[in-house]
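Accompanying notes for the structure given below.
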Amino acid sequence: AKPTMPSRVDNSLQLARSLPPGRLLAFVEQKARGLDHHEDEEEDHGPKLLQDCLDELGRRPTPADLTADADEKAPANTSLKGLLSGFSNPVSGRYLQEILKAS
């Protein structure tokens, strides 16, 4: 039997296409302010991480600042792109899950 090549699988998610840029930016700003955090939940470090990333950027983010390009090296887990586009980060992919639910 002739060996077959495994099919190519693209595991990347294109967040740039899941939410319009304005909604994605509004999502990030809302999360950074911690507006959806409830008192009875355990301490949530996600808003501080997001706000730290926004402060480091020093300006209002653009869509390119928020979405990871599948053809580039994966962003650092604690970077703005890394917090929004991955599952292996300090917020365990919560933002990515919420973005995908909102799309």
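No experiment lies behind these values; they were computed from the predicted model shown.
Smallest separation of non-hydrogen atoms from K81 and T67: CE-O, 3.3 Å. Among all heavy-atom pairs drawn from A32 and Q51, the shortest one is CB-OE1, 3.5 Å. Across L50 and V28, no two heavy atoms sit closer than the pair CD1-O, 4.0 Å. Annotation for S79 and C53: closest pair C-SG, 3.7 Å, computed over non-hydrogen atoms. Of all heavy-atom pairs spanning G82 and N89, the tightest one is O-ND2, 3.0 Å.
In this structure, the separation between CG on L24 and OG1 on T62 is 10.5 Å, given to the nearest 0.5 Å. Of the inter-residue distances, the one linking L80 atom CG with Y95 atom OH reads 10.5 Å to the nearest 0.5 angstrom. Note that CZ of F27 and CG of L66 are 10.5 Å apart. Values are rounded to the nearest 0.5 Å. Note that CG of L83 and CZ of R94 are 10.0 Å apart. Values are rounded to the nearest 0.5 Å. To the nearest 0.5 Å, the span separating CD on E56 from OG1 on T78 amounts to 8.5 Å.
Heavy-atom contacts from other residues, nucleotides or ligands closer than 6.0 Å to CZ of R59 number more than 12.
In this structure, R23 contributes its side chain and A102 its backbone to a donor-acceptor pair below 3.5 Å.
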